[in-house]
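What follows is a single structure, written as structure tokens, with notes after it.
Convention: sequence-line order gives letters A, B, ...; per-chain numbering from 1.
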2 protein chains.
Amino acid sequence: MKKRDSIILTDAVESLQDIMQILSPTQQEELRHCMAIQTFKKNEALYQEGEVPQMLHCLIHGKVKIYKDGISGRTQIIRVIKPVEYFGYRAHFANQNYVTSAAAFETSTVCLIPIEMIEKWIMENSEFAMFFIKLLAIEVGNSDQRTVNLTQKHIRGRLAESLIFLRDNYGLEEDGATLSIYLSREDLANMSNMTTSNAIRTLSAFAQEKIIAIDGKKIKIIDGESLERISKIG
Amino acid sequence: MKKRDSIILTDAVESLQDIMQILSPTQQEELRHCMAIQTFKKNEALYQEGEVPQMLHCLIHGKVKIYKDGISGRTQIIRVIKPVEYFGYRAHFANQNYVTSAAAFETSTVCLIPIEMIEKWIMENSEFAMFFIKLLAIEVGNSDQRTVNLTQKHIRGRLAESLIFLRDNYGLEEDGATLSIYLSREDLANMSNMTTSNAIRTLSAFAQEKIIAIDGKKIKIIDGESLERISKIG
DNA sequence: CGCAAAACATGCTATATAGCAGAAAAAAGA
DNA sequence: TCTTTTTTCTGCTATATAGCATGTTTTGCG
């Protein structure tokens, strides 16, 4: 058990290369001492809307969704996380409680770092500060783009876009065509701002048009160009 | 002319208090030397999607919209700026060209600061860095909330929300009821993710229900509570 | 393994919102 | 001031998408 933990920790430290490189030797040492590893099962919540943000999260293994529960039981998936990405720190810097929730799509390993330490290093280390400015700046741009896509594109365009995004973000399996993430129709709907029925229907339509092939939750992209075209024209 | 300019400059320096306070005396001096003032007429563009970001903008007087042109001629107003707020810097830190455009709702005075100077001061001054981390962190939260509101609320809810937002952001006139910003129905529609026709129709409906009173572009909020309720339930 | 629960599929209906046309009013410009 | 252009308004129609019901398949669990 002890051995297994330390292997995971070594793993984690390796994953944190991007910020490790920026930190000073002293800060690196501090990080090694304050970080913790936690594993979440499929569908388990990492944090929930309303809670006080205390940890910066860094995804080491697995897949995570960030979502908001909205009007009348509808959920919007705001962002999906892949290794190695940072999340769960924004609310702290905005002096807010979490306004989103996070849950694991599948078994996921997360490295947790106390947010006060992050803040401390930001104040000590301007490159470290710039690292987070960059992350946030990119995120604002993505969020604005998402707003326009979700509001202006039609159902087919939105679903096509989600499929393309999943391909580009999580990649494909060895066959070079099957999405390497297996989402429920509901999750796909919640990413694409539509009802589950419509996600099912539209997915079937794409399959009938030979743009994709579906085998349960497995989705194979057959005609990526058509998908791009559908996504682009809306 | 020279005198008028310097009065405006003094004005601007006063408006920049929040960042002036954070900067060191040397940096303050640098800021005074590199800043410029520019005035934009109603509907004039401050910058456009695709351009290279070179200046941080700070609105001194007036009202500005940040928007994105989307599918088939539709426009989404992403954010509206009031004095004294900073904008136009995000793209630089994300290493992108502008992905949004900015234009003046009405005659507006803007203070322009070279973005390289901002970056320099961020690297020199951790409090200054933290200032921008906070701005961006708040902006990501707003953007995520906007996504859910625009996608999940119905037309009445979205318009009600826009009206409330305009009241809270730009305030009311002396009568304590009239919005102090006069927007076209089209701008109102572009804020609320609907067609101009529907903005007009829904506005008329609100007027008929005695929730607001309309006199051309003047909008008077009569029943703020109803508006809040309509906005909340979607 | 067998059962219950969840997820998926399909068809039908209801409805919110877009789109368009034509007129009136307001604003801009000459 | 008169003319032209833009904006606002109203009504009608078209359509995209939600909502619901029902059956089937898959998944999870005791």
Checklist entry - Under 3.5 Å, is there a donor-acceptor pair between the B/Asn193 and B/Arg74 side chains? => result yes
Next on the checklist: Under 3.5 Å, is there a donor on one side chain and an acceptor on the other for A/Arg229 and A/Ser226?
Outcome noted: yes
Got a list of protein N/O to nucleotides 1-3 of chain C N/O distances below 3.5 Å?
none

Checklist outcome for this item: When rounded to whole Å, the CD1 to C1' distance for the pair A/Ile71 and C/dA16 reads 16 Å
Next on the checklist: Using five pairs at each end of the helix from C/dC1-D/dG30 to C/dA30-D/dT1 to define an axis, what is the angle between those two axes, to 10°?
Outcome noted: 60°
Next on the checklist: Rounded to whole Å, how long is the line connecting atom CG of B/Asp187 with atom C1' of C/dA27?
Outcome noted: 16 Å
Checklist entry - CG of A/Asn43 versus P of C/dA5: gap in Å, rounded? => result 18 Å
Checklist entry - Can you list the residues that meet the ring pair (Phe, Tyr, Trp, His ring centres under 6.0 Å) rule with A/Tyr86, with sequence neighbours excluded? => result A/Phe131
Checklist outcome for this item: B/Asp215 atom CG is separated from D/dC9 atom P, nearest whole Å, by 10 Å
Item to check | Contacts of B/Thr178 that satisfy side chain to side chain donor-acceptor pair (under 3.5 Å) - sequence neighbours left out | outcome: B/Asp175
Next on the checklist: Rounded to whole Å, how long is the line connecting atom CD1 of A/Ile200 with atom C1' of C/dG11?
Outcome noted: 13 Å
Next on the checklist: Expressed as a whole number of angstroms, how long is the span from B/Glu186:CD to C/dG19:P?
Outcome noted: 13 Å
Item to check | Side-chain H-bond candidate by donor/acceptor type, B/Glu161 with B/Asn149, under 3.5 Å | outcome: yes
Would you list the atom pairs, donor with acceptor, under 3.5 Å between side chains in residues 49-66 of chain A and any protein atom, with sequence neighbours excluded?
unit_1: A/Glu51; atom_1: OE1; unit_2: A/Gln48; atom_2: N; d: 3.4
unit_1: A/His61; atom_1: NE2; unit_2: A/Asp11; atom_2: OD2; d: 3.3
unit_1: A/Lys63; atom_1: NZ; unit_2: A/Glu106; atom_2: OE1; d: 3.4
unit_1: A/Lys63; atom_1: NZ; unit_2: A/Glu106; atom_2: OE2; d: 3.1
unit_1: A/Lys63; atom_1: NZ; unit_2: A/Ser180; atom_2: O; d: 3.4
unit_1: A/Lys65; atom_1: NZ; unit_2: A/Asp187; atom_2: OD1; d: 2.9

Checklist entry - To the nearest 0.5 Å, how far apart are CD1 in B/Ile77 and CZ in B/Arg146? => result 11.0 Å
Checklist outcome for this item: A/Ile214 CD1 to C/dT10 C1', in whole Å, measures 13 Å
Checklist outcome for this item: Contact string for nucleotides 17-30 of chain D, one letter per nucleotide 5' to 3', B = base within protein heavy-atom range under 4.0 Å, S = sugar-phosphate only, - = neither, reads SBBB----------
Next on the checklist: Do B/Ser143 and A/Asp144 pair up side chain to side chain, a donor and an acceptor below 3.5 Å, judged on atom types alone?
Outcome noted: yes
